[in-house]
Peer 1: 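Let me begin by handing over the structure; questions about it come next.
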Amino acid sequence: MFEIVRKEWLHEVIFLIEVKAPAIARKIKAGNFLVFRAKEGGERIPITVAEYDRKKGTVTCIIQVVGKSTKLLSTFEKGDYIQDVVGPLGKPTEIKKYGLVGIVSGGLGIPLANLVAKELRNAGNEVIGMVGARTKELLVWEEEMSKYCTEMDYCTDDGSFGMKGFTTNLLEKKIKELEKEGKKFDMIFTVGPTIMMKFIAGITKKYGIHTIASLNPIMVDGTGMCGACRVTVGGEIKFACVDGPEFDAHQVDFDELLMRLGQYKKYEKVSYDLYLKECCGGKQK
Amino acid sequence: MTEEKKERKPQKRSDKSPKKTPMREQPPEERIKNFLEVPFGYTEKEALLEAERCLHCRRPFCVEGCPVEINIPAFISAILDKDYRRGINIIKETNVLPAICGRVCPQENQCEKACVMGRKDGWDPVGIGRLERFLADWEYANGRETPKIAEPTGKKVAVIGSGPAGLVAAADLARYGHKVTLFESLHKGGGVLVYGIPEFRLPKSIVAKELETLEHMGVEIKYDTVIGLTYTIDELFEMGYEAIFIGTGAGLPRYLGIPGENLKGVYFANEFLTRANLMEAYKFPEKADTPINVGKKVITIGAGNVAMDCARTALRLGAEKSMIVYRRSLAEAPAREEEIHHAEEEGVEFHLLTTPLAIMGDKDNNVIGLECQECELGEPDESGRCRPIPIEDACFDLECDTLIIAIGQRPNPLVPRNTPNLKTHRWGGIIVNEETLETSIPGVFAGGDIVSGAATVILAMGAGRKAAKSMHEYLMNKDKKA
Ligand SMILES: Cc1cc2nc3c(=O)[nH]c(=O)nc-3n(C[C@H](O)[C@H](O)[C@H](O)COP(=O)(O)OP(=O)(O)OC[C@H]3O[C@@H](n4cnc5c(N)ncnc54)[C@H](O)[C@@H]3O)c2cc1C
Ligand SMILES: Cc1cc2nc3c(=O)[nH]c(=O)nc-3n(C[C@H](O)[C@H](O)[C@H](O)COP(=O)(O)OP(=O)(O)OC[C@H]3O[C@@H](n4cnc5c(N)ncnc54)[C@H](O)[C@@H]3O)c2cc1C
Ligand code: FES
């Protein structure tokens, strides 16, 4: 059982929880993720660590309510206990001195890129953040990440904050600006919606920039045992939970990943609707 | 000692009934609608009838056929004396998990294969597995004795993995008086016994009771702990564990390498069974949150226990047609006889001598069928089984909307990958000293599927026991040297 020591709502459907998990906090690194199971009968869901405190023995996660399991977790308050938290899972990000690094993240990807930005910065890289969301309110935790970036560029689909447009536009603009100064990204790290990462990978391929994407396939055990998380990378089957979740974005078969993410749509809806009916009188929030 | 009671004199076959006492079970049409155990087990009367069939051979071949050499004639004698406590204790001298082995051991390849009764045409061997189960179930119903624990040695040991190998190693190490911590990466203990083998074959309550007994014996079980990631082997030593047993099993799915393996509706057996068993997807959405996608027509590729479990689970989850596709014939199928028999009774369709070529999908990438080719059997290959040879131009398609790949598992790579000094074979198994089961790292021992590759429950248990013994010796000698 894992105690929640802090809980905050960052947005209508996005919340933060800080969980006491000393064994995990001791070792967690940027790029690792955890598996949460809220209670008996619950699903095992993968969640990234946005921040940790080794002294306090806690990890902080930022979670968006999208279905039954995330909704259930959102009902937990400070002092409540989560049944299972497993980690650190997956391979950590390869942190080294690349030079000029761009971090492109969309939506919930912003807090998820936080630790990567921090560790890349600490390794002596210059980090430029390029972040986007549908609308201003969904740009969460971006000020946290901005601490580690020499520059932060913003965009929103509706133009309510920063440039009007998508992160792809933001990235391409930046690449061209740098070109004029005779500079080039040495590495791009991207995390966010799969469709976004697919297009980002398309752009960086065109410009020949090494790109790492943090993938989010459906997982079950998260320890390499079931193969639910398999993705095709460079023509080979890889298990994202143990071989990833970060891969060379230019090698990833994003179309296959997108297709596999949709596999359980009809069941997810059944589960969510039933839960809303039982627990929340049918209301979303 | 338990065997003091007089054993019986050899008896004549002509006085015996040629056939096994039948075991009552749920009728097929009923059981495919539930997850309850299929065979009910013997009543006392039935057990006595069956025990009566034993010839009490002077040289008990059955004992030689048992991987852990249970004294079979002695426990059968105890049944005949109606001294069931003595009977179960005889079994437990070498087999700590009889309720499990009585249900899942491939007896037809072990004790019952060697049984003299079965050697004559038309005669069945003694139902040794069923009698073992009878005694184990009797003990559950009549109270279990918590094993005696030796004086504390003051030594801390770690066991990694709670499958049969780890369960037995932990129990034995506790009995020697060591302080045992059992680390398990999943949220439930039992390994394949809970995430792989379905409820209708092995009720989870049995595994839960075994874990409870371990806790009564003072073993601390730490779930949600992935060794290699949460703690490394080196860190375990730093934490004060003086010896370590690795029993992490063979959990890595094998795949075919044919087109279409990542289509929607295609599962590796491990995912299918994990969703169904460990995550209890059959209770979705009311009591469990993990869904499973089972269509009307389900194909399972393979013919081992894993494949039979998938094909039969699919039926219980609503499939109208469940098919097995296997490239050899039933004679070569690695599954237990009883599983194949039960699958046939339940209406599973067997497409034998059929090799898969490609998995077909529709425009939305949903699986819609399997392209197959007929085979004939050739010369035996290195596994000793006849090699399937595809017949030219004999190709055909089978329709399906769910497809499960159940062609085997490889050793779990997490511990080896994160333990640089641990030597492994090219195929992933951990290399051990055959005598002691010690690995290339002093004080680290290993056994079960992680050493042998995917094998059986009884062999994993045997390895757990053997390792515990050498770990005990290692720990005691360590002091003497110091
Ligand atoms: C490595 C990894 C790290 C992740 N980190 C975070 C995190 O830090 N914070 C967070 O909020 N979410 C994170 N996710 C996504 C999170 O696991 C899913 O949102 C969650 O499993 C959905 O569960 P649910 O029951 O609430 O929704 P479901 O009912 O299962 O699904 C609802 C919707 O979410 C989509 N979905 C389901 N599973 C995933 C998935 N694995 N990834 C993306 N979308 C999914 C479905 O397609 C569906 O449209 C991560 C996923 C991975 C693989
Ligand atoms: C579906 C299925 C049906 C089967 N049917 C039969 C049968 O009828 N009869 C029979 O005799 N055999 C059967 N087998 C084979 C038998 O179950 C195995 O041979 C046996 O379980 C092996 O035992 P083990 O202890 O070595 O490993 P496992 O049972 O695999 O247990 C390993 C445990 O270690 C845990 N683990 C793995 N990595 C780590 C880590 N890094 N840190 C912590 N924990 C970890 C796993 O979660 C698991 O709990 C079947 C197997 C399957 C999959
Ligand atoms: S989630 Fe099961 S193997 Fe990756």
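In the text below, chain A, chain B and the rest are named by the order of the sequence lines, each starting its count at 1.
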Peer 1: Enter the distance from A/Q83:CD to B/Y223:OH here, rounded to the nearest 0.5 Å.
Peer 2: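 If we round to the nearest 0.5 Å, A/Q83:CD and B/Y223:OH are 11.0 Å apart.
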
Peer 1: Taking B/L273, B/V266, B/N412 one by one, which has the highest count of heavy-atom pairs under 4.5 Å against chain A?
Peer 2: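 Most heavy-atom pairs within the cutoff with chain A belong to B/V266.
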
Peer 1: Determine whether a donor-acceptor pair (N or O, by modelled atom type, separation under 3.5 Å) exists between the side chain of A/R37 and the backbone of B/H187.
Peer 2: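 No: the side chain of A/R37 does not pair with the backbone of B/H187.
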
Peer 1: Identify which of A/D84, A/T232, A/I28 forms the greatest number of heavy-atom pairs closer than 4.5 Å to chain B.
Peer 2: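 Heavy-atom pair counts peak at A/D84.
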
Peer 1: Of the backbone (N, CA, C, O) and the side chain (C-beta and beyond), which part of A/V242 lies under 4.5 Å from a heavy atom of chain B, both, or neither?
Peer 2: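 For A/V242, the contact with chain B is made by backbone and side chain together.
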
Peer 1: For B/K287, is it the side chain, the backbone, both, or neither that has a heavy atom closer than 4.5 Å to a heavy atom of chain A?
Peer 2: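 Just the backbone, heavy atoms under 4.5 Å.
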
Peer 1: How close do A/G224 and B/P253 get, heavy atom to heavy atom, and via which atoms?
Peer 2: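 Reported closest heavy-atom pair: O-CD, 4.2 Å.
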
Peer 1: Look at the side chain of A/S271 and the backbone N and O of B/D289, then say whether any donor-acceptor pair between them is shorter than 3.5 Å.
Peer 2: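 No, the answer is negative, given that no donor and acceptor are paired below the 3.5 Å cut-off.
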
Peer 1: Given heavy-atom pairs under 4.5 angstrom as the criterion, report whether the side chain, backbone, both or neither of A/I237 touches chain B.
Peer 2: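 Answer is both: backbone and side chain atoms of A/I237 are under 4.5 Å from chain B.
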
Peer 1: Please classify the contact of A/V85 with chain B as side chain, backbone, both or neither, using a heavy-atom distance under 4.5 Å.
Peer 2: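 Only the backbone of A/V85 comes within 4.5 Å of chain B.
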
Peer 1: So is A/R230 actually on top of B/F268's ring, under 6.0 Å and inside 45° of the axis?
Peer 2: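 Output yes; distance and angle both within limits.
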
Peer 1: For B/D224 versus A/F2, what's the shortest heavy-atom pair and its separation?
Peer 2: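 The pair with the smallest heavy-atom distance is OD2-CE1, 3.9 Å.
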
Peer 1: Top residue by heavy-atom pair count (under 4.5 Å) with chain A, among B/N270, B/N262, B/L229?
Peer 2: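 When all of B/N270, B/N262, B/L229 are compared, B/N262 has the most.
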
Peer 1: What's the separation between atom NZ in B/K264 and atom CZ in A/R260, rounded to the nearest 0.5 Å?
Peer 2: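 Between B/K264 NZ and A/R260 CZ, I get 10.5 Å after rounding to 0.5 Å.
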
Peer 1: Any Lys/Arg nitrogen of A/D243 or B/R417 sitting under 4.0 Å from an Asp/Glu carboxylate oxygen of the other?
Peer 2: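 Salt bridge: yes.
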
Peer 1: Checking side-chain contact (heavy atoms from CB on, under 4.5 Å) between A/L89 and each of B/V226, B/L414, B/T230, which is the one that passes?
Peer 2: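 Among B/V226, B/L414, B/T230, the one meeting side-chain contact (heavy atoms from CB on, under 4.5 Å) with A/L89 is B/V226.
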
Peer 1: What is the distance from atom CG of B/D364 to atom CE of A/M259, rounded to the nearest 0.5 Å?
Peer 2: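 Going from CG on B/D364 over to CE on A/M259, the span is 10.5 Å.
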
Peer 1: Could you walk me through whether B/E235 and A/R26 pass the salt bridge (Lys or Arg N to Asp or Glu O under 4.0 Å) check?
Peer 2: CA-CA 12 Å; B/E235 284 168 338; A/R26 234 176 77 246; 3.1 Å; yes

Peer 1: Could you check if a side-chain atom of A/F239 sits within less than 4.5 angstrom of a side-chain atom of B/L252, using non-hydrogen atoms only?
Peer 2: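 Of all side-chain heavy-atom pairs linking B/L252 with A/F239, at least one is under 4.5 Å.
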
Peer 1: For chain A, find which of B/N365, B/N293, B/L263, B/T225 contributes the most heavy-atom pairs closer than 4.5 angstrom.
Peer 2: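 Of the candidates given, the most pairs with chain A belong to B/N293.
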
Peer 1: What pair of heavy atoms forms the shortest contact from B/P285 to A/V270, and how long is it?
Peer 2: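 The pair with the smallest heavy-atom distance is CG-CG1, 3.7 Å.
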
Peer 1: Name the region of B/Y231, side chain, backbone, both or neither, that has any atom closer than 4.5 Å to a heavy atom of chain A.
Peer 2: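 Interface part for B/Y231: both.
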
Peer 1: When you look at NZ of B/K209, are more than 12 heavy atoms from neighbouring residues, nucleotides or ligands closer to it than 6.0 Å?
Peer 2: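 More than 12 heavy atoms, drawn from other residues, nucleotides or ligands, come within 6.0 Å of this atom.
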
Peer 1: Quick one, A/M219 and B/E271 - any side-chain contact, counting heavy atoms below 4.5 Å?
Peer 2: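 No. Closest side-chain heavy atoms not under 4.5 Å.
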
Peer 1: Counting only heavy atoms closer than 4.5 Å, note whether A/L257 contacts chain B via side chain, backbone, both or neither.
Peer 2: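 Answer is neither: A/L257 stays 4.5 Å or more from chain B.
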
Peer 1: Under 6.0 Å from the NZ atom of B/K156, do we count more than 12 heavy atoms belonging to anything else shown?
Peer 2: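 Check passes, neighbour count above 12.
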
Peer 1: CZ of B/R275 to OH of A/Y264: how many Å apart, nearest 0.5 Å?
Peer 2: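 Reported to 0.5 Å precision, the distance equals 3.5 Å.
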
Peer 1: Above 12 or not: heavy atoms from other molecules or residues under 6.0 Å from NZ of B/K204?
Peer 2: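 It does: B/K204 NZ has more than 12 such atoms within range.
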
Peer 1: Using heavy-atom distances under 4.5 Å, tell me whether A/E256 contacts chain B through its side chain, its backbone, both, or neither.
Peer 2: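 Side chain of A/E256 only, per the 4.5 Å heavy-atom cut-off to chain B.
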
Peer 1: Can you tell me which of A/K27, A/E43, A/M225, A/R44 forms the most heavy-atom pairs within a distance under 4.5 Å of chain B?
Peer 2: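 Option with the greatest count: A/M225.
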
Peer 1: Let's test your reading of the structure: which of B/G265, B/P413, B/P291 forms the most heavy-atom pairs below 4.5 Å with chain A?
Peer 2: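 Heavy-atom pairs under 4.5 Å are most numerous for B/P291.
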
Peer 1: Of the listed residues (A/V35, A/V220, A/V231), which shares the most heavy-atom pairs with chain B below a 4.5 Å separation?
Peer 2: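 The candidate making the most pairs under 4.5 Å is A/V220.
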
Peer 1: Non-hydrogen atoms of chain A under 4.5 Å away: do they reach the side chain of B/T232, the backbone, both or neither?
Peer 2: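 Answer is both: backbone and side chain atoms of B/T232 are under 4.5 Å from chain A.
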
Peer 1: Does atom NZ of A/K7 have more than 12 heavy-atom neighbours from other groups under 6.0 Å away?
Peer 2: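 Correct, the count exceeds 12.
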
Peer 1: So, taking the atom named SG in A/C226 and the one named OH in B/Y267, what distance separates them when rounded to the nearest 0.5 Å?
Peer 2: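 Spacing of SG (A/C226) from OH (B/Y267) equals 10.5 Å.
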
